[in-house]
Amino acid sequence: GQQVMQIPQYQHVQEGEDFTTYCNSSTTLSNIQWYKQRPGGHPVFLIQLVKSGEVKKQKRLTFQFGEAKKNSSLHITATQTTDVGTYFCAGRILRGYQKVTFGTGTKLQVIP
Amino acid sequence: GAVVSQHPSRVICKSGTSVKIECRSLDFQATTMFWYRQFPKKSLMLMATSNEGSKATYEQGVEKDKFLINHASLTLSTLTVTSAHPEDSSFYICSARDRMAPYSPLHFGNGTRLTVT
């Protein structure tokens, strides 16, 4: 079945440092979504990427979808303590059913 | 924005009892809802896809007789954990997609933390 892996699993950064999480799918995706989950909370939608090679920015966050539509990345510039949480990518396979498979997640800790 | 209400948020039950969790889309209609399970510090694992007016589609390894899903209307899906045991203790989250926007992102409920004693 489809697998979506993320690295790293955990990341501790000093406040102000940059952070990147990478997402890799075993199958080609029709689109990819990114979610953030705070401790004790539910996943909150951040962004969706659809096109091959697409890059989108949200303030300090930059999202990229690979050319082959099998990988993606999320980069945070100058992290803040409010960035703490677990970041999940979620992919929908090409020509697949509606279901979305979540990545393994990257937990970000920001040290003030 | 689209809101999904999940109830209850927390439930503690005794082993052998059944627990029902409700998932409602408040301001949109959802022909499809998804039920996920999340263990501590783990990712969300899709359990089943709930289809309005028809049987749910279960993922491999998920017991359909254990986790009963009913999607009787375009705004409500329920998950019943039957004869719960301590190993069923987990965080259960539902999500829904607006039927008018089938390729849009998922809208999540707040989740239900189930503890079976």
Side-chain angles (χ1 to χ4, degrees), chain A residues 1-11 21 23-25 29-51 56 58 63 65 69 72 84-109, chain B residues 1-10 21 23 30-52 54 56-62 69 71 77 90-113:
Chain A
Q2 182 194 16
Q3 290 187 330
V4 182
M5 305 297 293
Q6 281 181 254
I7 54 170
Q9 189 175 1
Y10 301 98
Q11 183 84 61
T21 172
C23 173
N24 291 286
S25 170
L29 302 170
S30 62
N31 63 44
I32 195 156
Q33 299 156 10
W34 284 90
Y35 295 82
K36 176 182 178 181
Q37 185 177 24
R38 291 183 180 274
H42 66 280
V44 175
F45 171 73
L46 295 177
I47 208 158
Q48 176 170 276
L49 304 171
V50 179
K51 299 177 183 177
K56 286 189 176 180
Q58 285 181 352
F63 304 83
F65 201 8
K69 300 185 77 173
S72 180
V84 165
T86 301
Y87 293 85
F88 292 101
C89 62
R92 182 169 169 174
I93 64 171
L94 194 63
R95 291 186 296 275
Y97 188 57
Q98 290 194 61
K99 75 176 183 181
V100 166
T101 300
F102 276 77
T104 47
T106 296
K107 184 174 182 178
L108 172 64
Q109 282 281 10
Chain B
V3 177
V4 174
S5 173
Q6 189 173 340
H7 179 80
S9 58
R10 290 181 183 272
I21 303 170
C23 181
T31 50
T32 304
M33 292 186 178
F34 303 91
W35 288 96
Y36 289 86
R37 181 175 182 175
Q38 187 176 33
F39 289 104
K41 301 181 181 180
K42 297 294 183 183
S43 184
L44 288 83
M45 301 301 297
L46 180 65
M47 298 174 65
T49 302
S50 172
N51 304 297
E52 187 266 336
S54 65
T57 304
Y58 289 82
E59 294 300 300
Q60 192 173 10
V62 178
I69 291 173
H71 194 153
S77 175
S90 190
F91 191 53
Y92 294 87
I93 309 178
C94 71
S95 67
R97 185 177 282 125
D98 190 336
R99 69 188 287 244
M100 301 305 290
Y103 290 90
S104 65
L106 298 173
H107 304 288
F108 282 87
N110 286 339
T112 297
R113 188 162 301 282

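Just so it is clear: chains get the letters A, B, ... in the order the sequence lines come, proteins before strands, and each one is counted from 1.
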Task: Contacting region of B:L46 [heavy-atom separation from chain A under 4.5 Å] - done: side chain

Task: Portion of B:E59 that has a non-hydrogen atom of chain A nearer than 4.5 angstrom - done: side chain

- [ ] With sequence neighbours left out, write down each residue that passes side chain to side chain donor-acceptor pair (under 3.5 Å) with A:Q33, or none if nothing qualifies.
- [x] A:Y35, A:Q48

Open item on the list: So, using side chain to side chain donor-acceptor pair (under 3.5 Å) as the criterion, who are the partners of B:S43 when residues are at least two apart?
Closed with: none

Task: Test item: B:I93 and A:Q37 side chains (from C-beta on) under 4.5 Å apart, heavy atoms - done: yes

Open item on the list: Looking at every non-hydrogen atom in both residues, tell me the closest pair between A:F88 and B:Q38 and how far apart they are.
Closed with: CZ-NE2, 3.7 Å

Open item on the list: Show the nearest heavy-atom pair for residues A:F102 and B:L44, with the distance to one decimal.
Closed with: CB-O, 3.8 Å

Task: Side chain / backbone / both / neither for A:Q6 at chain B, heavy atoms under 4.5 Å - done: neither

- [ ] Heavy atoms only, distances under 4.5 angstrom: which of B:S95, B:G109, B:G111 has the most pairs with chain A? Name it, please.
- [x] B:G109

